[in-house]
Amino acid sequence: MNIFLKANMRDIAEKEHAYFSQKHHADVAVTQAKRQCKLLMGKPETLLGIAAFGGYKGAVDAKPKAKRNQAMMALGRTALLSLFQ
């Protein structure tokens with residue numbers, strides 16, 4: 001019986017090690033994802049400048065709705081591609 005108990009205890013220790021290793025990797029992945037989101041969003045003044053420039057272009061353009069849709073698609077593509085890098 002002692003042989004089986006030692007084997008089971010070793011198995012439990014290996015499973016615990018694998019669990020804590022996976023937990024650590026998950027924590028690192030969450031931290032990295034948060035960092036990438038912060039880099040994607042940028043500084044508030046930069047975002048405000050981009051939005052102001054887009055508003056100006058939309059106000060002076062003859063087809064503001066078409067330009068707005070084009071700008072939103074470009075922003076969406078950029079954000080999506082930035083997440084997958």
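Quick note: residue numbers are just sequence positions, from 1.
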Practice prompt. Hydrophobic side-chain clustering at under 4.5 Å (ILVMFWY, transitive links): who's grouped with Phe20? Put none if nobody.
Written response: Tyr19

Worksheet item: Does His17 offer a backbone N or O that forms a donor-acceptor pair with the side chain of Ser21 under 3.5 Å?
Response: no

Worksheet item: What residues form a side-chain contact (heavy atoms from CB on, under 4.5 Å) with Glu14, not counting sequence neighbours?
Response: Arg10, Asp11

